[in-house]
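This report refers to the structure that appears directly beneath it.
Chain identifiers are assigned alphabetically (A, B, ...) following the order of the sequence lines, protein sequences preceding nucleic acid strands; residue numbering begins at 1 within each chain.
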Amino acid sequence: MRPRLLFSLLILWVTAVSAQEEPDPRLVRAADEVALAYVITGDAEVDAASEAGLRGLSQVLTARTTVEPGEPIGIDPDRDDLSLLTFLYWPVTGTQAPPSPQAYVRLNHFLRSGGMILFDTRDGDIAGLGGPDGTAALQALAAPLDIPPLAPVPQDHVLTRSFYLLRNFPGRYLDSDVWAEAPPAGAEAAEGAPFRNLNDGVSPVLIGGNAWAEAWAVDDNGLPMFSVGAGFEGERQREMAYRFGVNLIMYVLTGNYKSDQVHVPALLDRLREEEEVVQ
Amino acid sequence: MNGLAFDPLLPWPVIGALAVLALLVALWSVWQGLRGWLWRGAAGLAVAAALAGPALESGIRNKLSDIVILLDDRSASQSLPGRAAQTDAAVDELTRQLTALPDTEIRRITVADDPDGTLTGAALTRALAAEPQGRVAGVIAVTDGLAHDASMVPATAPAPVHVLLTGQETDWDRRLVIEEAPAYGLIGQPVTIRLRIEDQGAVPDSVAQTPARLRIMLDGEETRSLDLPPGVTLDLPVVPKHAGQNVVSISFQAPQADVPELTDRNNAAAVQIQGVRDRLRVLLVSGAPHPGERTWRNLLKSDANVDLIHFTILRPPDKMDAIPVEELSLIAFPTQELFMQRIRDFDLIIFDRYRVRGILLPQYYDNIRRYVEEGGAILVSAGPEMSSVESLNLSPLGAILPARPTGRIYDQPFLPRLTEEGSRHPVTSDLPGAPVEGAERSWGRWLRMSEVIPGPRAQVVLSGADDAPLLLLGRVGKGRVAMLTSDQVWLWGRGFEGGGPQLELLRRIAHWSMKEPDLEEEALLADVGPGLAVTITRRTMDVSAGPVRITHPDGKSEEIPLTEAGPGRFTAHWTAPGPGLYRLAEGEIERVLALGPAAPLEFEETVASGAALGPLAEATRGGVLRLSEGVPALRTVREGRPAHGQGIDRPWIAITPREAASVSGMTHRPLLPGWAWLVLIAGLAISGWLAEGRGRLRGSA
């Protein structure tokens with residue numbers, strides 16, 4: 001009895017070691033190809049929308065920019081090593097069980113070392129009306145994370161100009177605020193905030209409720225899977241959602257690059273022209 | 001200490017009232033025409049006086065001896081020829097004369113060298129403070145008068161201060177004065193050392209106004225020589241050539257004259273200028289946004305010495321959409337400006353996963369190659385595109401890259417390891433947590449790299465999968481080229497499998513490319529410890545290092561063997577015999593080491609002078625005399641009289657005996673005993689009674 005037990009333990013140990021030795025090929029591919037990743041919530045419909053949405057965004061990125069992501073991958077935070085990822089899309093559902101404490105340790109390390117999570121409460125249509133929305137679920141999920149103080153993305157945030165010039169960040173819904181790390185009150189505040197100095201001032205999380213994956217989602221034929229708005233206005237909103245997606249990935253990958261001084265004069269000129277056109 | 005004291009038997013008002021009553025009685029008697037009024041009044045006053053209890057007090061006095069402070073200066077400037085003997089003779093003679101005086105004590109104070117020079121003023125202040133002011137009868141200082149703390153010389157003293165100067169009337173000296181020298185200078189930018197030649201003392205006519213020939217050496221190599229007349233200020237431009245200590249030594253030959261100058265030790269000075277680099281400009285060109293890009297940004301933007309100019313190709317020229325340009329945040333890549341016009345402003349150009357896609361014209365690559373050959377630096381951090389047709393190796397830049405790709409990509413996890421060369425190279429040696437044979441794995445693995453064939457002169461310092469080169473360093477012309485054949489160094493930053501020292505590695509690669517002296521492969525370093533202890537470190541890519549030859553300031557040389565302290569590091573501990581300029585050499589590497597102050601402080605000025613102590617001597621009526629005119633005679637004078645003068649055969653100086661005494665007790669004796677008072681009062685009363693009585697008798701007769 002005892003030798004057999006020892007033997008099975010040995011086998012377990014060997015498999016455990018080899019599992020640690022050989023990284024998950026999906027994640028290796030994610031590191032090589034900058035694949036976009038989403039958190040598997042267990043809600044089949046939401047997960048399908050996430051995958052289709054990230055695939056749609058990857059196609060747009062490949063078509064329009066130098067970033068050419070591979071196939072999106074689904075992540076189970078309880079099992080998968082996050083250190084090979086850069087961007088994580090996390091749709092918030094009311095039914096998802098919170099990850100284990102070990103997973104939160106990994107998630108916090110991911111955030112600290114330069115990764116980014118986009119939390120999408122997908123409730124831009126109903127949020128703020130007083131009815132049930134995603135706030136409670138988001139709070140339950142995100143409470144154990146080391147998230148710096150957040151504030152609505154200001155008009156001069158680099159997210160508004162990391163590839164396209166944007167005024168708002170629409171998804172399937174239009175109007176909800178997007179929250180990012182609050183800008184520092186002053187130099188003193190920058191001293192204390194751990195993310196600001198570590199990662200060139202790039203916010204580790206973005207939180208919003210515009211159901212972006214649904215706006216980005218395309219089926220196998222390349223056709224949109226969800227309706228956005230109505231008519232021409234709706235298509236314009238979908239285009240803006242893609243532009244937000246492009247800006248988002250550029251922000252994830254290049255950080256505050258577009259805040260560098262070299263770009264400022266040219267972009268200021270362009271913004272001024274645009275204002276003149278608007279007026 | 002004698003005096004009258006009162007010890008009243010009744011309170012003062014009562015005694016006062018008694019005295020007033022006595023006066024009133026006397027006045028009443030005068031008015032009544034009584035002849036005894038004087039006696040009556042006197043008797044009343046005597047009663048009052050007796051009640052006041054007058055007593056004589058007197059102290060017991062002991063005479064105290066006078067103190068003479070005899071200060072002798074034994075600083076290094078007093079070691080000039082003849083001065084020590086002069087000092088000894090004067091001190092002996094004065095001691096003999098002082099001991100001959102009655103009731104006189106000598107306090108000997110010796111002033112020795114201090115790192116801050118000769119601190120005569122502080123020594124005088126301390127000596128005066130230690131003695132009772134009332135007993136100091138004189139201060140005699142035997143010195144060359146060169147105090148480095150003139151502000152500490154007390155303003156006055158309770159007794160005459162005499163300054164006896166050593167040296168001769170004919171003493172003279174020519175010295176080099178560094179008026180102003182910068183401690184730091186930007187490399188390649190001239191800094192100014194302001195200096196002049198100064199003549200002091202009785203300069204012979206043959207030397208006065210003849211210029212001195214200055215020799216100026218930078219790090220032991222003669223750069224120029226020029227003639228400079230004394231008293232003229234020269235602004236000497238010097239260009240620091242490298243980071244760290246640049247030693248400028250300036251010297252001139254002692255002028256020829258019948259009477260040689262006092263010393264030639266102040267004819268040279270070594271000025272140390274710390275060469276610092278201007279802010280480094282780094283151009284980072286990312287071929288595409290990728291996870292490792294922010295790693296580079298985090299590194300370069302957190303480096304306070306680096307100005308980062310970053311460009312990322314966000315949209316390649318072959319991808320166009322119909323979106324109007326005013327909705328785009330993209331700007332054109334200013335290639336002409338960066339790679340043709342401004343390229344020499346950059347200290348380093350980093351190509352981060354750059355693929356050749358027709359954005360840069362071939363002549364730009366040619367220009368980058370020229371830039372490197374003329375002393376620039378490029379760093380290629382290559383992803384899989386290096387093994388493709390869009391490889392930088394296929395551009396004209398390929399000719400100077402340290403390796404060429406085979407086209408094969410290792411798509412497997414591998415552990416970066418130090419090569420034999422890498423363990424000695426400063427870029428990779430001592431990287432924290434480096435894997436060692438047999439130990440647990442300490443660094444995280446990377447997952448992808450390109451296979452390359454290293455060029456003949458490239459140094460492979462890190463190896464990856466199948467021991468293929470991972471990090472290569474090379475030199476082209478005056479410039480440097482580094483190549484990292486994987487783009488996955490960011491996995492270390494993310495902590496994959498524990499991660500690794502990603503920022504430190506990238507920092508070292510970037511700074512090695514920019515010729516940071518701390519990262520040079522071949523270097524001879526000298527750390528000056530406390531005192532003159534020096535730790536010499538020879539860093540080399542060779543497996544051995546010969547002894548270091550040290551040439552002393554006087555031209556003597558010695559050899560110090562080096563012992564191996566680690567891969568590529570050889571050290572020795574050595575203590576210099578004295579301050580000065582030392583030349584260290586090992587193999588082809590040489591450096592100059594300046595120890596101690598720019599010029600020895602004690603020998604900055606050497607001609608004896610009473611300037612520092614003269615005001616004090618004058619304030620106390622003391623004298624400043626030259627010992628070359630003979631040791632003066634010693635006299636005593638009363639306080640307030642002139643305390644020096646010219647005698648028949650030699651000058652004299654004087655001390656002022658202070659008549660100080662201590663009071664060791666007190667006696668208290670009543671002026672008159674009680675019975676004497678009684679007799680006095682009774683006598684006065686009887687006299688008054690007799691005076692008046694006798695008158696009445698006479699009247700009745």
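Rounding to the nearest 0.5 angstrom, the gap separating the CZ atom in A:Phe163 from the OG1 atom in B:Thr312 is 11.5 Å. A:Arg29 contributes atom CZ, which lies 13.5 Å from atom CG of B:Leu447 (distance to the nearest 0.5 angstrom). Rounding to the nearest 0.5 angstrom, the gap separating the CZ atom in B:Arg315 from the CG atom in A:Leu61 is 13.5 Å. Rounding to the nearest 0.5 angstrom, the gap separating the CH2 atom in B:Trp490 from the OG atom in A:Ser83 is 8.0 Å. Distance CZ/B:Arg297 to CG/A:Leu253: 12.0 Å, rounded to 0.5 Å. Here the OG1-CZ distance, from A:Thr86 to B:Arg294, works out to 8.5 Å after rounding to the nearest 0.5 Å.
Shown here for B:Leu314 and A:Met250, the closest heavy-atom pair between the two residues is CD2-SD, 3.5 Å. Closest approach of B:Ile331 to A:Lys258, counting heavy atoms only: N-NZ, 4.0 Å. Smallest separation of non-hydrogen atoms from A:Thr254 and B:Glu293: CG2-OE2, 3.2 Å. Heavy atoms only, all atoms of each residue included: B:Lys319 and A:Thr62 are closest at NZ-O, 2.7 Å. Scanning both residues, A:Tyr257 and B:Phe311, for their nearest heavy atoms gives OH-CA, 3.3 Å.
Listed for the B:Arg494 side chain is a donor-acceptor partner under 3.5 Å among the backbone atoms of A:Ser113.
With a 4.5 Å cut-off on non-hydrogen atoms, A:Thr160 does not touch chain B at all. Residue B:Asp487: no heavy atom, backbone or side chain, is found under 4.5 Å from chain A. Proximity to chain A is limited to the side chain of B:Gln488, based on heavy atoms less than 4.5 angstrom apart. For A:Leu82, no part lies under 4.5 angstrom from a heavy atom of chain B. Residue B:Ile313 touches chain A through both its backbone and its side chain, counting heavy-atom pairs closer than 4.5 Å.
Annotation: B:Arg357, atom CZ; neighbour count of heavy atoms from other residues, nucleotides and ligands within 6.0 Å is above 12. Within 6.0 Å of CZ in B:Arg279 there are more than 12 heavy atoms belonging to other residues, nucleotides or ligands. Residue B:Gln363 places its CD atom among more than 12 non-hydrogen atoms of other residues, nucleotides or ligands, all under 6.0 Å distant.
With respect to B:Glu327, the salt bridge (Lys or Arg N to Asp or Glu O under 4.0 Å) criterion is satisfied by exactly one of A:Arg161, A:Arg243, A:Arg167: A:Arg243. When each of A:Val67, A:Thr65, A:Ile249, A:Val252 is tested with B:Pro289 by the rule side-chain contact (heavy atoms from CB on, under 4.5 Å), just one qualifies, namely A:Val67.
Among the candidates A:Asp81, A:Leu85, A:Asp32, the residue making the largest number of heavy-atom pairs closer than 4.5 Å to chain B is A:Asp32. When each of B:Ala288, B:Ser286, B:Pro291 is scored by its heavy-atom pairs under 4.5 Å with chain A, the top score falls to B:Pro291.
No salt bridge links A:Glu68 with B:Arg355; every basic N to acidic carboxylate O contact stays at or beyond 4.0 Å.
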